[in-house]
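Report on the following structure.
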Amino acid sequence: MCPVISHVWVNEEYKHLVVEATPKALAVKPGQFFNLLCPSPDEGELWLRRPQSVYAVDRAQGRIEFLYKCVGRGTFGLARLQPGDSLNMVGPLGIGFHLRPEWKNIVVLGRGVGLATLAPISQVAGEQDVGVTAILSARSPQFLMSGELFAKIGAEIIGVLDSDGTSAVENVAAILERLIAAGRADAFFTCGSNRLMQLMKRIGREHGIPGQVAMEQVMACGLGPCYVCVRTFEVKGEKVLRRVCIEGPVFDLQEAVGW
Amino acid sequence: MCPVISHVWVNEEYKHLVVEATPKALAVKPGQFFNLLCPSPDEGELWLRRPQSVYAVDRAQGRIEFLYKCVGRGTFGLARLQPGDSLNMVGPLGIGFHLRPEWKNIVVLGRGVGLATLAPISQVAGEQDVGVTAILSARSPQFLMSGELFAKIGAEIIGVLDSDGTSAVENVAAILERLIAAGRADAFFTCGSNRLMQLMKRIGREHGIPGQVAMEQVMACGLGPCYVCVRTFEVKGEKVLRRVCIEGPVFDLQEAVGW
Amino acid sequence: MVDLSVRIGSVRLANPVMPASGAFSAELSQVMDLNRLGALVAKTVSRDFRAGNPPPRVAEVEGGMINSIGLPTKGLEYFLKVQVPDYKRFTPPLVASITSQDPDDFAAMAREVSIPEVAVIEVNISCPTRNPGGGNFALHEDHTYKVMQGIRAATDKPVWCKLSPNAGDVVAIAKAAEAAGADALVVANTILGLKIDTKTFRPAIGNKLGGISGPGIKPIIMRMVYQCAKAVKIPVIGCGGIVKVEDVVEYMLAGASAVMMGYIIFRNPSSMIAIIDGLGEWCARRGFARVADLTGAMIDEPPAETYAAAAAPIG
Amino acid sequence: MVDLSVRIGSVRLANPVMPASGAFSAELSQVMDLNRLGALVAKTVSRDFRAGNPPPRVAEVEGGMINSIGLPTKGLEYFLKVQVPDYKRFTPPLVASITSQDPDDFAAMAREVSIPEVAVIEVNISCPTRNPGGGNFALHEDHTYKVMQGIRAATDKPVWCKLSPNAGDVVAIAKAAEAAGADALVVANTILGLKIDTKTFRPAIGNKLGGISGPGIKPIIMRMVYQCAKAVKIPVIGCGGIVKVEDVVEYMLAGASAVMMGYIIFRNPSSMIAIIDGLGEWCARRGFARVADLTGAMIDEPPAETYAAAAAPIG
Ligand SMILES: Cc1cc2nc3c(=O)[nH]c(=O)nc-3n(C[C@H](O)[C@H](O)[C@H](O)COP(=O)(O)OP(=O)(O)OC[C@H]3O[C@@H](n4cnc5c(N)ncnc54)[C@H](O)[C@@H]3O)c2cc1C
Ligand SMILES: Cc1cc2nc3c(=O)[nH]c(=O)nc-3n(C[C@H](O)[C@H](O)[C@H](O)COP(=O)(O)OP(=O)(O)OC[C@H]3O[C@@H](n4cnc5c(N)ncnc54)[C@H](O)[C@@H]3O)c2cc1C
Ligand SMILES: Cc1cc2nc3c(=O)[nH]c(=O)nc-3n(C[C@H](O)[C@H](O)[C@H](O)COP(=O)(O)O)c2cc1C
Ligand SMILES: Cc1cc2nc3c(=O)[nH]c(=O)nc-3n(C[C@H](O)[C@H](O)[C@H](O)COP(=O)(O)O)c2cc1C
Ligand code: FES
Ligand code: FES
């Protein structure tokens, strides 16, 4: 049970949750997630846990942060937690992102809360003096969260928006091409948008740039046994099913088929 | 929804609840009850309401009081209500006690929380200058609740206890015979103990003294349709079933068969 | 203005919300305006007086409640002489619910309740604590067909056949009822269950086994309503665990033309009225001019992957 | 010290608490000490690779969850070569769960899994989304008898037959399984259900219909365990909606010799261990030296009226 330190709305749809965590939980790696027992938002019971990946870790203060979007009973229930309440979380779970020593510059491309999932790996990259370009896509400026978090780690930030059309695939494609030309893209990381994942996969394939994608699927156990959380992947021309909770949530971008 | 004014333990098993009530609720008559939607004491939901008769009414302040014993999920859930919370109650329900003009002195005989149910009729009797003798039976002194309440209304109080043996049927019988001899028993009222009800029924029959008993049964709707709350009665030698919620909870003592 | 009316064969209901038999009586006028209801559904009666089962008659279980009332009744004559006139103080169509353990008597009762004041006859062939041969005919298609055929021959009133969720092949029973001439199906009665008190080691209710009702059975009855509505041409009335507007919508999407509710009356006596109001608002909000258009409107395709992936927070 | 061990025919379990097939794998050693469990129950395997059903594969319903995984499997060979050795890192007896849509293949599979490492064969003849003729044999006594007889002839291992709660007459199925030589019955698999998303009008899960599990089905499965335990001489294993110690006790009072749990593993992965500990404490508190003494210990009498009248607060 992790005590809630703070819990605030960052805009009308997203909430930022900070909890005090155990050493075991603090060992969470970028891209890993916790399976949260959310309080019920209504009279009825809430029956299943909800997975949430970690947005930031503050080992000094022993805290873990989540950034999540309220979409249904679980997340609206979660949003009810008050500082002082405690949160029952199972984890850290799953296989996260990894960095290869030879990568000097990486590009993270996220949309919406997908940014939350990409923040920790960007931070680690920054700490290892790997250059990070963060392309942040959103409906409109107020959904461009965690810009400052990426800034803090010295990432170059490129915001693209639906509101001014800059988030269009062609434009993002051009940005990626430019980064590749400039030698600023040794590896790709993405989360939160199928459209952008397909784009990055295509460009990555064309230029032979390795990539990783964090995927999602409805879960039950979060631990491997139940096979609820499968997604389709293509390995050497052959379709295979993998469990997001234990074989992921981070997968090879070129093997991902998307949804 | 009635706001909770106060809610305190009167001993380790009984709790005293005071709520602010609507005019409709304040019209409750002695012996009537409310069907309460108790909060759940645990993770699971609580599915049925729980009936509780009214212990006291303060029309001046617009308040209704309950005195109840914690025996299971519903009452332990109810016990969680804090002042300021609000209570969802359906009622007033059922047929209560009645007083006939020719009755100058009545005897109320109650045990445990049965006293709660007898308090309002005793109060009304007091207000109408009807002499009230209240025989209060309990395990031990700390369960002799609402003595002061009966005192307030000028009732003569006779406490009988298991701890000193005075609650034995023979002793209570003797007390009743004495009251009858003294012309202090024009009518009997009882609640809360099958043993004492049988006793009062027998003595009432022998002396031709009219009596009323408040009965209980597990309920669902509390309003008449479901026939969950039946008890057996004997009317002119013939057994009949009656619904405690709408044909009671107060019944003719001589027709009651008990449990 | 949303049109909330629905047709169950020849019967028009002002709205699809009805009480379930056994959870309703005119006494509920204490807590709600009965004239708002789609129909008035009486407690099941049998020909002669029945005391019913020993108390306690209900207990709480996970997901709702278990009951074994045992169909207490003052008998058919009392129903016709006393209760029917009492119901006629109110305007919605009166649905009389009858049962018997003998097919011939069942048919005779159907004939006797076919009076002008009664708009519909609901036949309860699905009391969960009775046996297939006697009272719980809905466990077998042949029993169902036989008893329904007799009833059909005995009356011209619309006959609604209340099925049992304890049948293994509820679709076969539904087809048998339709073939025998039922005008509509009520899906369904309670599911047979058991609760044991771990303090006393005894069954929680007097009859030991009882029928389970309430939200916990909804996803099971939903499936049966869907299966039956696909298999028969007559209207299906959904009944099981409805406590809110979305539950009514869900049953109608699955193929129900109307619904009945019991448990929620115990939990919140006046909620049927709130649900009727809420159903109108829901239709208006979702752009449905007629609630009847919801019947069978489920889109019979898997959730688009993009939906499962709504989990992927598309900012 | 309470003796928590139980016997299921020739098999001795250190305690009556087992995971349910499909909710368990050796991967759970991440969160609990698997050596504490009464047995290890593997996910059902079929002979060849199966991808299973399209996601989403679960959704929440009143009382628990609905799932249609579709029995994905890497196949029998992978199970024997990779999974069995993996399970043998742990000490409790290994229960292999097999299924097939063809009786002969089913028997052949039973023969092939009859290796020393496998202590028990659970036969899953009750997958709720399959049809009676193929895979969901447990809907009919004749199908059940035929497939079980073939399996019995093919192996000397203890065979546990997992029944379906969707059968109309579960007692008849139980007797058929016993007659065909089953060593124990697992009661039961999931109950077929449907959930429709009222936002999208689509089924909530990819397969449309799915199996319901969790607390909401407990009172229904409790009744089936009670009926089956009365009707057969072989042990019955209760499975459905167990989330706490009292649920285990309740199933044993109804006649279960042991229990399995699935849903609660999803809700609280390590709770099986807590339940095992709590069961010992419960027995000690209630003065039971052997948990096995709880089996069938229900007092088959109505609650004494005095009990219903415990409501009458006897000071
Ligand atoms: C590994 C992983 C990491 C995630 N990280 C984040 C994050 O950092 N921030 C964030 O906002 N969201 C994240 N999600 C998504 C989050 O889990 C879902 O938004 C949440 O579970 C929805 O639950 P709900 O009850 O609010 O919505 P529901 O009403 O249950 O459903 C709304 C939508 O969410 C989907 N959903 C329901 N349950 C789950 C589940 N257990 N897993 C995935 N999808 C589900 C439903 O299919 C539906 O499309 C992550 C999901 C996964 C699998
Ligand atoms: C008309 C009436 C007036 C009552 N007045 C009072 C009162 O003033 N003070 C008081 O302490 N108690 C009163 N009771 C009893 C009270 O309703 C029960 O103690 C309470 O419902 C128990 O609920 P529970 O969930 O705590 O216990 P449970 O765990 O549900 O059951 C404990 C015992 O209470 C019985 N019980 C459960 N539900 C009901 C129910 N709905 N009605 C009656 N018995 C039930 C059970 O059969 C069991 O014997 C009254 C009952 C009735 C019918
Ligand atoms: C206390 C009680 C009494 C019932 N009596 C009857 C009855 O007399 N006739 C009948 O057809 N169904 C009867 N039922 C079943 C209900 O009509 C309904 O089919 C069932 O409760 C499922 O609906 P629900 O979940 O909304 O309660 C009864 C149910 C309950 C809970
Ligand atoms: C996700 C999931 C997968 C399941 N897979 C299987 C399976 O492969 N084989 C089987 O016999 N039962 C399977 N079941 C049924 C369970 O074993 C169990 O019978 C059922 O869930 C009831 O128990 P519970 O309420 O404790 O979950 C599965 C259940 C769930 C929820
Ligand atoms: S959620 Fe159970 S295997 Fe992934
Ligand atoms: S509780 Fe329903 S009739 Fe009395």
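Residue numbers start from 1 in every chain, and the chains themselves are labelled A, B, ... in the order their sequence lines are given, proteins ahead of strands. None of the values given here were measured: they were computed from a predicted structure.
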Item to check | Region of C:Ile69 that comes under 4.5 Å of a non-hydrogen atom in chain B | outcome: side chain

Item to check | Interchain contact, B:Val228 with chain C, by part (heavy-atom threshold 4.5 Å) | outcome: both

Next on the checklist: At a 4.5 Å cut-off on heavy atoms, which part of C:Ala51 comes close to chain B: side chain, backbone, both, or neither?
Outcome noted: both

Checklist entry - Quick one: of C:Ala23, C:Pro215, C:Gly64, who has the most non-hydrogen atom pairs under 4.5 Å with chain B? => result C:Gly64

Checklist entry - What are the two closest non-hydrogen atoms of C:Arg267 and B:Trp47, and how far apart are they? => result CD-O, 3.7 Å

Item to check | Which portion of B:Leu241 sits near chain C, non-hydrogen atoms under 4.5 angstrom | outcome: side chain

Item to check | Under-4.0 Å salt bridge between B:Glu216 and B:Arg231 | outcome: no

Checklist entry - Below 6.0 angstrom between ring centroids: does that apply to B:His98 and B:Phe251? => result no

Item to check | B:Leu37 portion near chain C, given a 4.5 angstrom heavy-atom threshold | outcome: side chain

Next on the checklist: Less than 4.5 Å to any heavy atom of chain B: does that hold for the side chain of C:Phe49, its backbone, both, or neither?
Outcome noted: neither

Checklist entry - Do C:Asp277 and C:Arg36 sit within salt-bridge range, that is, some charged N less than 4.0 Å from a carboxylate O? => result yes

Checklist outcome for this item: To the nearest 0.5 Å, atom OG of C:Ser97 lies from atom CG of C:Leu71 at 8.0 Å

Checklist outcome for this item: One option among B:Cys221, B:Gly222, B:Gly44, B:Cys229 has the most heavy-atom pairs under 4.5 Å with chain C, and it is B:Cys221

Checklist outcome for this item: Paired with B:Glu234, the salt bridge (Lys or Arg N to Asp or Glu O under 4.0 Å) test is passed by just one of B:Arg205, B:Lys201, B:Lys239, B:Arg242, namely B:Lys239

Item to check | Region of B:Leu46 that comes under 4.5 Å of a non-hydrogen atom in chain C | outcome: both

Checklist entry - Taking every heavy-atom pair that is under 4.5 Å apart, which of C:Asn268, C:Asn67, C:Ile205, C:Asn53 has the most such pairs with chain B? => result C:Asn268

Checklist entry - Quick one: of C:Gly22, C:Pro72, C:Gly214, C:Gly63, who has the most non-hydrogen atom pairs under 4.5 Å with chain B? => result C:Gly63

Item to check | Atom CD of C:Glu77: over 12 foreign heavy atoms under 6.0 Å | outcome: no

Checklist outcome for this item: Smallest heavy-atom separation, B:Gln32 atom then B:Lys29 atom, equals OE1-N, 2.7 Å

Checklist entry - Any salt bridge between B:Arg50 and C:Glu60, counting N to O under 4.0 Å? => result yes

Item to check | Under 4.5 Å from any heavy atom of chain B - which part of C:Val61 | outcome: backbone

Checklist entry - So what's closer than 4.5 Å to chain C heavy atoms on B:Asn35: side chain, backbone, both or neither? => result neither

